[in-house]
A.B. asks: 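Below: one structure in structure tokens.
Index from 1, following the sequence.
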Amino acid sequence: MASFPNIYTHRKVADTASKSCEICYKPSTSVLVTGDNKDFFFVCPGHLKDRGFCKPIIDEAAIAAKKKKEMEAEVERVKREFEEKQKKKKEKEKEKEKAKEKDDKSKEKDKADDKDEKAKEEKKKPEEPDPVEEEPRVFALGKTFYQQRIDKKRNAEIARRNRERLQNPNLFPQVPKGLP
């Protein structure tokens with residue numbers, strides 16, 4: 001039997017499909033699965049944070065690409081905001097020119113309107129959500145735990161072979177048929 005790689009992916013299952021954790025035997029919905037689905041076991045999320053049990057495998061290229069994408073989105077957002085402010089500034093200049101033509105009463109109204117517009121702009125700005133730290137999804141088990149998983153799989157394979165052999169009638173010797 002070929003052993004499987006020490007790369008496990010963390011997945012969640014439904015609450016109805018929860019089983020006991022391999023370490024503490026409490027019900028858990030978290031599962032660690034190998035890439036080729038040869039091995040899986042249930043584990044509590046708290047155990048995933050234990051450095052003695054497993055270590056996260058961090059994909060540096062994916063993190064760098066994600067940061068780059070976020071920066072590009074931020075730059076694009078700032079550009080749009082700047083363009084909007086420039087348009088509003090030009091509109092205000094045009095309004096001021098018109099206001100000079102009008103009498104003093106209309107100037108006071110424009111100032112009040114400008115203050116109202118600024119207050120509205122500040123309210124319109126969406127609050128940026130706090131960046132949520134994603135938990136790692138890929139793990140490498142500790143040396144002893146990985147060896148236990150290999151031994152458990154190997155023992156299960158040996159037990160399966162033994163059951164097959166015992167079911168085979170040619171395994172046992174036959175009674176002699178001839179006279180001695």
Side-chain angles (χ1 to χ4, degrees), residues 4-19 21-24 26-143 145-146:
F4 40 85
N6 189 8
I7 299 173
Y8 286 84
T9 305
H10 178 230
R11 295 194 182 155
K12 294 278 190 178
V13 296
D15 289 335
T16 57
S18 66
K19 293 188 178 179
C21 171
E22 284 283 319
I23 309 301
C24 65
K26 292 180 182 176
S28 176
T29 58
S30 296
V31 182
L32 287 180
V33 183
T34 58
D36 53 4
N37 293 335
K38 285 188 177 182
D39 186 33
F40 70 92
F41 61 98
F42 286 80
V43 66
C44 293
H47 296 305
L48 297 176
K49 294 177 181 147
D50 181 12
R51 296 291 182 187
F53 175 66
C54 64
K55 295 180 182 170
I57 299 173
I58 300 170
D59 186 10
E60 298 295 334
I63 292 173
K66 184 178 177 182
K67 286 183 180 179
K68 184 177 178 183
K69 187 176 180 182
E70 289 175 355
M71 288 298 291
E72 289 174 356
E74 180 71 17
V75 167
E76 187 65 30
R77 184 183 62 80
V78 170
K79 283 182 182 179
R80 276 189 262 123
E81 287 179 4
F82 179 74
E83 290 173 358
E84 290 174 7
K85 287 181 181 179
Q86 290 297 327
K87 288 179 184 178
K88 289 180 182 179
K89 188 176 181 181
K90 289 180 183 178
E91 290 175 4
K92 287 181 183 179
E93 288 176 5
K94 290 179 183 178
E95 289 177 7
K96 287 181 182 179
E97 289 174 7
K98 292 179 183 178
K100 288 179 183 178
E101 296 171 1
K102 295 181 181 179
D103 60 337
D104 294 333
K105 292 180 182 178
S106 63
K107 287 182 183 180
E108 293 174 6
K109 290 180 182 178
D110 287 338
K111 289 179 183 178
D113 291 340
D114 289 341
K115 291 178 182 177
D116 290 340
E117 287 178 10
K118 289 180 182 178
K120 289 180 182 177
E121 287 178 17
E122 291 175 3
K123 291 179 182 178
K124 286 182 182 178
K125 291 182 182 178
E127 295 180 14
E128 295 183 21
D130 295 333
V132 177
E133 189 78 23
E134 291 185 10
E135 292 184 6
R137 294 200 56 197
V138 181
F139 295 91
L141 293 181
K143 192 168 49 173
F145 290 103
Y146 180 61

A.B. asks: Using modelled atom types only, decide if a donor and an acceptor are shared between the side chain of Asn6 and the backbone of Leu141 within a distance under 3.5 Å.
C.D. replies: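 Side chain of Asn6 to backbone of Leu141: a pair is present.
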A.B. asks: Are the side chains of Phe139 and Leu32 in contact, using a 4.5 Å heavy-atom criterion?
C.D. replies: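 With C-beta onward as the side chain, the pair touches.
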A.B. asks: Mind checking whether Val31 and Val43 have side chains closer than 4.5 Å, heavy atoms only?
C.D. replies: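 Not in contact.
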A.B. asks: So which atom in Leu48 and which in Cys54 form the shortest heavy-atom distance, rounded to 0.1 Å?
C.D. replies: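 Here Leu48 and Cys54 meet closest at O-SG, 3.6 Å.
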A.B. asks: What residues, two or more places apart in sequence or in another chain, satisfy ring pair (Phe, Tyr, Trp, His ring centres under 6.0 Å) together with Phe41?
C.D. replies: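 Checked Phe41 against ring pair (Phe, Tyr, Trp, His ring centres under 6.0 Å); matches are Tyr8.
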A.B. asks: Hey, could you give me the NZ/CD distance between Lys90 and Gln86, rounded to the nearest 0.5 Å?
C.D. replies: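 So the gap between those two atoms works out to 7.0 Å.
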A.B. asks: Please identify each residue that fulfils side-chain hydrogen bond (donor to acceptor under 3.5 Å, both in side chains) with Asp15, with sequence neighbours left out.
C.D. replies: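 For Asp15, no residue satisfies side-chain hydrogen bond (donor to acceptor under 3.5 Å, both in side chains) once neighbours in sequence are set aside.
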A.B. asks: State, yes or no, whether a side-chain contact exists between Cys24 and Cys44 at a heavy-atom distance under 4.5 Å.
C.D. replies: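 Contact flag for Cys24/Cys44 side chains = yes.
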A.B. asks: Does the Arg137 side chain pair with the main chain of His10, one donor and one acceptor, at a distance under 3.5 Å?
C.D. replies: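 Yes: the side chain of Arg137 pairs with the backbone of His10.
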A.B. asks: Have Lys19 and Ser28 got a donor and an acceptor in their side chains that come within less than 3.5 Å?
C.D. replies: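 Distance-only check fails for Lys19 and Ser28.
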A.B. asks: Excluding sequence neighbours, so at least two apart, what forms side-chain hydrogen bond (donor to acceptor under 3.5 Å, both in side chains) with Thr29?
C.D. replies: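 Testing Thr29 for side-chain hydrogen bond (donor to acceptor under 3.5 Å, both in side chains), a comparison that skips the adjacent residues, returns none.
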A.B. asks: Under a 3.5 Å distance rule, please check whether Thr34 uses its side chain to pair with a backbone N or O of Asp39 as donor and acceptor.
C.D. replies: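 The answer is yes, because a donor-acceptor pair under 3.5 Å joins these two groups.
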A.B. asks: Output all residues satisfying side chain to side chain contact (heavy atoms under 4.5 Å, CB included) with Asn37, sequence neighbours left out; order by chain, then residue number.
C.D. replies: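 Residues passing side chain to side chain contact (heavy atoms under 4.5 Å, CB included) with Asn37: Arg11, Val33.
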A.B. asks: Do Lys85 and Lys89 have side chains that get closer than 4.5 Å, going by heavy atoms?
C.D. replies: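 Result no, sub-4.5 Å side-chain heavy-atom pair not found.
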A.B. asks: What residue pairs, at least two apart or across chains, pass ring pair (Phe, Tyr, Trp, His ring centres under 6.0 Å) with a residue in residues 43-95?
C.D. replies: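 Residue pairs with at least one partner in residues 43-95: Phe53-Phe145.
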A.B. asks: Output all residues satisfying side-chain hydrogen bond (donor to acceptor under 3.5 Å, both in side chains) with Lys55, sequence neighbours left out; order by chain, then residue number.
C.D. replies: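 Partners of Lys55 under the side-chain hydrogen bond (donor to acceptor under 3.5 Å, both in side chains) test: none.
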A.B. asks: Could you measure the distance from the CD atom of Glu83 to the NZ atom of Lys79? Nearest 0.5 Å is fine.
C.D. replies: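 Those atoms lie 8.5 Å apart.
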A.B. asks: Would you indicate whether Lys12, at its atom NZ, is surrounded by more than 12 heavy atoms from other residues, nucleotides or ligands within a distance under 6.0 Å?
C.D. replies: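 For Lys12, atom NZ is crowded (more than 12 foreign heavy atoms under 6.0 Å).
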A.B. asks: Just so I know, are the side chains of Pro56 and Lys49 near enough to count as touching, which here means a heavy-atom distance under 4.5 Å?
C.D. replies: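 No, too far: nothing below the 4.5 Å cut-off.
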A.B. asks: Going by heavy atoms in the side chains, are Cys21 and Phe42 under 4.5 Å from each other?
C.D. replies: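 No. Closest side-chain heavy atoms not under 4.5 Å.
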A.B. asks: Answer yes or no: is there an ion pair linking Glu81 with Arg77, defined by an N-O contact shorter than 4.0 Å?
C.D. replies: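 Looking at Glu81 and Arg77, the cut-off is met.
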